[in-house]
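Notes follow the structure.
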Amino acid sequence: MTFLKKIQWDALLMPLVGLVLTLLAWQLVSGRVTPQTQADGTVEEVKSGLIQDLPGPLQTWEKTKKYIVEPFAKREELDQGVLRFTWYSLVIVGKGYAIALILGTPLGFLLGLSKNFSKMFDPIIQVLRPVSPLAWMPLGVVIFANSGKSANELAALFTIAVCAMWPTVLNTAVGVRAIPQDYLNVARVLKLSRTKTLFRIMIPATLPYMFTGYRLSLGIAWLVIVAVEMLTGRIGIGNFLWNEYNNGLYTSIVLCILTIGLVGYVLDRGMSLLERRFKSAV
Amino acid sequence: MADHVEIANLSKVFPTPKGPLRVVKDFNLKIRRGEFVSLIGHSGCGKSTVLSILAGLSDASAGGIVLAGKELTGPGPDRGVVFQSPTLLPWMTAMENVMLGVDQVFYTASREERRQIAEYYLTVVGLADAMHKRPAELSQGMRQRVGIARAFALSPKMLLLDEPFGMLDSLTRFELQQVLLDLWNRNRLTALMVTHDVDEALFLSDRIVMMTNGPEAEVGEILEVPFARPRRRQELLESPEYYRLREQLIEFLNVRAYTLKGQTPGQGHGPGTASHAPTPAAAEPTKPGANADHAALKKEPALKA
């Protein structure tokens with residue numbers, strides 16, 4: 001009994017302690033702005049502190065409250081609630097992610113099924129995989145430059161899809177290679193057709209691996225969105241961050257970072273719940 | 001009666017780093033229609049290799065197999081295979097696992113008819129209440145029941161059983177041997193079973209084919225099992241004939257399986273044979289109910305569990 005209680009306490013209390021300590025440390029190193037009346041009667045803001053331009057937690061809360069308490073408000077094009085910006089970003093991430101899965105899953109299957117295919121294309125994949133979204137983005141802009149109004153969106157989708165699909169490709173390939181021979185023997189003994197073997201045996205057997213890939217891909221897709229919005233100027237959380245940086249409103253940058261982190265965390269938890277469901281089903 | 005299955009000069013050579021290894025050499029066997037034959041031998045003697053060639057999962061290096069007048073090429077649902085582990089697909093219920101094969105074989109039947117076939121066999125093996133459960137919710141024994149139902153539901157020309165009860169505890173094993181025998185009594189499918197369990201072979205088979213030790217294993221001796229069918233385990237255990245046959249089998253496995261190949265019993269020739277030295281205790285007919293696995297043969301299931 002006491003043991004159980006202790007665990008629950010720890011699970012709740014320890015993260016809270018960590019949070020408070022982090023906030024304290026943040027407050028300590030952050031800068032303060034104090035208005036000071038000069039000799040000539042003008043009031044000047046004097047900065048002090050360890051990192052003068054880093055806004056502290058309290059200051060961040062005060063300055064960005066309006067984005068948080070009305071998270072879906074739309075006052076102006078560039079003055080919207082933080083979750084509204086996030087929503088725009090999520091929509092584009094969702095589309096790019098879907099493309100990544102639609103392309104990545106069959107590619108992974110081909111890699112897993114055919115040794116020759118794997119020998120041909122695995123080196124290329126390994127070279128393309130570590131390329132940063134910042135490098136892909138200009139290429140995307142160039143490729144879709146003549147697509148008129150949707151050029152920006154297509155470039156963004158291209159970048160997200162290209163960056164996010166690799167974990168799906170590689171994990172699917174590993175999953176296909178890991179299908180137990182026993183299952184394939186069942187298919188052989190029953191003389192299942194190729195399609196039936198694929199849909200009734202291979203895909204279900206690979207599903208847990210595929211979902212690990214899907215989870216990692218989603219993480220990358222979300223990671224890429226900030227870079228994409230900075231470069232294309234599409235409205236969204238990353239674009240908001242960039243604009244506020246240009247406006248010198250550093251508190252908003254902190255807000256955006258926290259929001260992006262939280263959303264990423266929620267997405268990852270959601271996917272890992274799904275993943276676990278599929279794993280337990282198998 | 002015409003031979004239903006004819007295995008002629010079957011050989012299997014595996015390439016190894018030390019050069020080709022001939023596991024099975026000139027294996028010859030004829031099986032009558034409706035006959036239940038067991039292959040018994042030490043682990044590594046190639047009995048499972050013979051079975052997997054019959055199943056079409058492995059190619060013969062030489063020789064061939066004729067089933068019901070046709071030479072076998074590759075696997076097919078005309079042979080129902082019960083693997084050592086049930087190899088059920090974990091994302092399907094027991095019913096769906098059986099249906100996968102039934103759909104394949106009886107594709108001309110209506111969906112309802114096919115469902116009834118699957119239901120019938122699952123009920124006969126005692127899974128009427130569990131047919132919509134997934135393998136993860138079933139015990140090891142229940143899973144193997146599904147495996148048996150799946151093989152029988154195909155109405156195959158032949159049944160192939162690869163140590164079907166090797167992974168089960170002895171009580172469950174007895175239960176499932178009975179399930180298998182009951183089901184077999186209904187259709188009398190021609191069956192070939194690989195086993196290392198002397199009592200299992202005696203209880204189920206019409207003939208027991210004893211294989212010599214590997215490499216280059218071949219048919220050593222064949223034992224006719226004269227007990228009338230349907231058999232009851234209790235009656236068998238009360239018959240002195242049972243113990244005579246049993247002793248003959250053990251004697252072969254402990255001595256002649258080696259000497260026929262010019263090996264000395266108890267000397268390690270090939271994998272897993274070193275521990276099979278005949279000891280006075282091992283040659284003594286133990287009470288089958290109490291100790292199903294003969295002491296000398298006990299090593300194998302422990303390794304595979």
Side-chain angles (χ1 to χ4, degrees), chain A residues 101 104-106 108-109 112-116 168 171-215 270-282, chain B residues 48 51-59 72-93 96-107 114 118 133-137 143-144 146-147 150-162 167 304:
Chain A
L101 300 196
T105 312
F109 258 91
L113 286 173
S114 159
K115 281 209 172 90
N116 281 329
T168 295
N171 278 283
T172 306
V174 169
V176 171
R177 289 186 198 119
I179 298 174
Q181 188 58 43
D182 280 351
Y183 297 170
L184 298 176
N185 280 348
V186 170
R188 288 178 65 197
V189 166
L190 296 178
K191 270 209 172 140
L192 298 185
S193 65
R194 278 168 165 260
T195 344
K196 244 185 170 177
T197 306
L198 181 66
F199 283 101
R200 307 236 28 209
I201 302 213
M202 298 185 114
I203 291 181
T206 315
L207 222 48
Y209 289 86
M210 273 159 59
F211 263 86
T212 304
Y214 289 178
R215 181 168 59 83
M271 276 307 280
S272 79
L273 279 180
L274 256 180
E275 195 184 341
R276 214 173 304 161
R277 266 196 64 169
F278 275 95
K279 275 191 178 153
S280 61
V282 167
Chain B
S48 288
L51 197 92
S52 93
I53 295 172
L54 258 121
L57 294 172
S58 172
D59 292 324
L72 287 182
T73 47
D78 55 341
R79 282 146 284 159
V81 188
V82 181
F83 300 96
Q84 183 179 27
S85 65
T87 64
L88 301 181
L89 302 171
W91 50 88
M92 296 184 190
T93 63
E96 287 165 338
N97 267 288
V98 176
M99 281 297 277
L100 190 68
V102 172
D103 285 344
Q104 203 64 11
V105 175
F106 302 103
Y107 51 90
R114 280 178 278 154
K133 286 187 176 166
R134 296 222 167 128
E137 303 167 84
R143 283 180 218 165
Q144 196 55 294
V146 182
R150 178 173 62 181
F152 275 89
L154 303 175
S155 296
K157 288 181 190 151
M158 185 177 194
L159 198 63
L160 299 168
L161 305 127
D162 187 6
M167 283 167 75
K304 277 167 182 159

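Convention: sequence-line order gives letters A, B, ...; per-chain numbering from 1.
Interface remark: of the candidates B:Thr87, B:Asn97, B:Val105, B:Thr87 forms the most heavy-atom pairs closer than 4.5 Å to chain A.
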* Begin with the C-alpha distance, continue with both residues' side-chain angles, and end with the deciding distance and a verdict on side-chain contact (heavy atoms from CB on, under 4.5 Å) for B:Arg150 and A:Val186. => CA-CA 11 Å; B:Arg150 178 173 62 181; A:Val186 170; 3.9 Å; yes

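For B:Arg114, the salt bridge (Lys or Arg N to Asp or Glu O under 4.0 Å) test picks out B:Asp103, with sequence neighbours left out. Residues forming a side-chain contact (heavy atoms from CB on, under 4.5 Å) with A:Thr195 (at least two apart in sequence, or on another chain): A:Ser193, A:Phe199.
B:Leu88 touches chain A through its backbone: at least one of N, CA, C or O sits under 4.5 Å from a heavy atom, while the side chain does not.
The OH atom of A:Tyr214 sits 8.5 Å away from the CE atom of A:Met271 when rounded to the nearest 0.5 Å.
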Name every donor-acceptor pair, under 3.5 Å, that has one atom in a side chain of residues 52-59 of chain B and the other anywhere in the protein, sequence neighbours excluded.
unit_1, atom_1, unit_2, atom_2, d
B:Ser52, OG, B:Thr49, O, 3.4
B:Ser58, OG, B:Lys12, NZ, 3.3

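Judged by distance alone, with hydrogens and angles left aside, the side-chain atoms of B:Trp91 form no donor-acceptor pair with the main-chain N or O of A:Ile201 at under 3.5 Å.
There is no side-chain donor-acceptor pair under 3.5 Å between A:Thr212 and A:Asn171.
Contacts with chain A (heavy atom to heavy atom, under 4.5 Å) involve these residues of residues 75-83 of chain B, listed by number: B:Pro75, B:Gly76, B:Pro77, B:Arg79, B:Val81, B:Phe83.
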